[in-house]
Amino acid sequence: MERWDRAGRVAAYGAALALTPYLLIKVSWVVGSLLGLLPVGAGFDKAEWVVLNAATIGMAGIGIAVALALVRPWGMRIPGAPLAFCAWVGTGFLVPVLPYAVLGSLLGSADGGPRSRSDAGPAMPGWEAALVQIGFVGMGLGLAIALPAYMRRRWPGAFVGRLGDGAECSPRALPWMTVVGAAVGLVWLYWAAGGTAGVAHRGERDLAWYALSGVFGLWAFVASLATLAAVRGRPARVPRWGPVVFGWLGSGSLFAWSGWKLPFTLYLMVARPADAALPENLALAACLHLAAVGAGAAMLRTLVRTRRPVRAAAPSPTAPCV
């Protein structure tokens with residue numbers, strides 16, 4: 001067994017094991033609240049609490065199944081498209097925010113890591129909070145290693161050779177999804193740097209909002225640059241796996257996080273609850289999330305189409321790949 005396959009096996013099993021306590025904790029919250037043994041989270045009624053935590057139970061179950069599919073023999077026999085999509089969304093959720101999650105844990109932040117409102121359990125003890133954090137970080141790290149190893153086995157063309165191998169240079173026009181992704185990332189980085197244009201409630205900004213705006217902005221640029229490199233086949237000497245991996249992670253971040261935030265933003269626009277508000281203007285936030293979802297999905301489609309070296313004529317001397 002090759003080194004990458006061994007690392008992928010250990011990482012996949014580790015990811016599934018790390019997320020299992022989170023799944024059990026969420027099940028206990030739902031069952032306990034239904035039986036009246038545990039209080040619901042602050043700001044929720046019982047129905048909302050059960051629905052939100054049931055959704056995260058389903059997401060955790062899918063995450064564990066995806067991790068096992070990346071290493072078990074049956075994972076090579078099931079259709080690749082739905083498995084790749086679930087893995088893409090999962091890595092998009094977890095991997096880009098790993099540095100923030102680890103830093104939040106070290107600093108003792110209650111917001112550390114990619115957590116939703118439904119993770120704010122009623123009087124969550126420290127050991128539960130630690131297990132939740134370990135689950136997110138472990139799953140993110142595991143997928144970051146196990147997924148490329150799986151893709152290398154199933155779609156070796158994505159990792160073979162260099163960008164310029166056997167491909168013609170592409171037109172000078174920028175692919176639209178890279179322009180949109182970069183524009184969205186620029187807005188998020190502007191907010192992370194303290195910009196106030198488009199911010200409706202300045203008092204709602206906190207350290208977590210600044211940090212996550214910066215993280216998502218950087219990954220939006222990473223996704224745009226990696227997708228552009230994969231489409232154009234330049235720089236020609238760059239190994240093919242680099243843009244594929246970073247484009248995969250960045251586009252997944254755009255799609256997953258904005259896809260998660262868009263419904264909540266639309267809900268706030270319609271319901272306008274008095275006890276909930278976002279720092280940014282809701283209409284602008286909705287447009288940004290919608291653009292990010294579309295750009296992320298288009299980037300994935302582009303990366304999938306360019307995953308194999310194209311057998312074509314030699315590049316034209318008038319348009320060198322450099």
Side-chain angles (χ1 to χ4, degrees), residues 62 66 79-97 114 143-144 147-148 150-151 154-155 157-159 163-164 167-190 212-213 215-235 238 240-266 283-310 312 321:
I62 292 173
V66 167
L83 175 59
F85 178 78
C86 291
W88 176 63
V89 173
T91 54
F93 263 125
L94 297 175
V95 176
V97 294
L143 288 179
L147 182 58
Y150 174 86
M151 293 177 64
R154 187 153 189 173
W155 298 294
F159 297 87
L163 286 180
E168 292 183 348
C169 293
S170 2
R172 292 181 179 274
L174 293 175
W176 69 267
M177 76 288 296
T178 63
V179 177
V180 172
V184 171
L186 183 62
V187 174
W188 287 337
L189 288 176
Y190 166 75
L212 289 176
S213 295
V215 167
F216 296 144
L218 287 175
W219 276 104
F221 272 99
V222 168
S224 298
L225 292 175
T227 304
L228 180 63
V231 168
R232 290 194 166 183
R234 294 180 290 180
V238 171
R240 184 177 297 276
W241 66 265
V244 171
V245 169
F246 284 103
W248 179 279
L249 293 175
S251 62
S253 174
L254 282 169
F255 182 88
W257 279 101
S258 285
W260 178 261
K261 293 178 178 180
L262 180 59
F264 181 65
T265 303
L266 294 177
L284 176 58
C287 291
L288 289 174
H289 292 318
L290 184 61
V293 169
M299 288 177 187
L300 175 66
R301 185 168 181 263
T302 299
L303 291 170
V304 168
R305 285 185 166 186
T306 60
R307 69 173 182 260
R308 294 184 179 88
V310 180
C321 292

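Side-chain atoms are counted along with the backbone in the values below, which use heavy atoms only and exclude waters and symmetry mates.
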Enquirer: Between the side chain of Trp219 and the main-chain N/O of Pro96, is any donor-acceptor distance below 3.5 Å?
Expert: yes
Enquirer: Locate the shortest heavy-atom distance separating Ile62 from Cys86; write the atom from each residue and the value.
Expert: CG2-SG, 4.2 Å
Enquirer: With a cut-off of 3.5 Å and sequence neighbours excluded, list every side-chain donor-acceptor pair involving residues 242-251.
Expert:
{"residue": "Trp248", "atom": "NE1", "partner": "Thr91", "partner atom": "OG1", "Å": "3.3"}
{"residue": "Ser251", "atom": "OG", "partner": "Trp88", "partner atom": "NE1", "Å": "3.0"}
{"residue": "Ser251", "atom": "OG", "partner": "Gly247", "partner atom": "O", "Å": "2.7"}
{"residue": "Ser251", "atom": "OG", "partner": "Trp248", "partner atom": "O", "Å": "3.2"}

Enquirer: Can you list the steps and then say if Leu254 with Phe216 is a side chain to side chain contact (heavy atoms under 4.5 Å, CB included)?
Expert: CA-CA 8 Å; Leu254 282 169; Phe216 296 144; over 6 Å; no
Enquirer: Return the orientation label for the Trp257 and Phe93 ring planes: parallel under 30°, perpendicular over 60°, tilted otherwise.
Expert: perpendicular
Enquirer: Quick check for you: to the nearest 0.5 Å, what is the distance between Leu83 atom CG and Arg154 atom CZ?
Expert: 7.0 Å
Enquirer: Tell me the closest heavy-atom pair linking Gly92 and Ala256, and the distance in Å.
Expert: C-CB, 4.1 Å
Enquirer: Answer yes or no: is there a donor N or O on one side and an acceptor on the other, between the side chain of Thr265 and the main chain of Ala285, under 3.5 Å?
Expert: no
Enquirer: Identify every side-chain donor-acceptor pair in residues 288-295 under 3.5 Å, counting partners at least two apart or on other chains, and give the distances.
Expert:
{"residue": "His289", "atom": "ND1", "partner": "Ser258", "partner atom": "OG", "Å": "3.1"}

Enquirer: To check you understand the geometry: which heavy-atom pair defines the closest contact between Met177 and Ser224, and what is its length?
Expert: O-OG, 4.5 Å
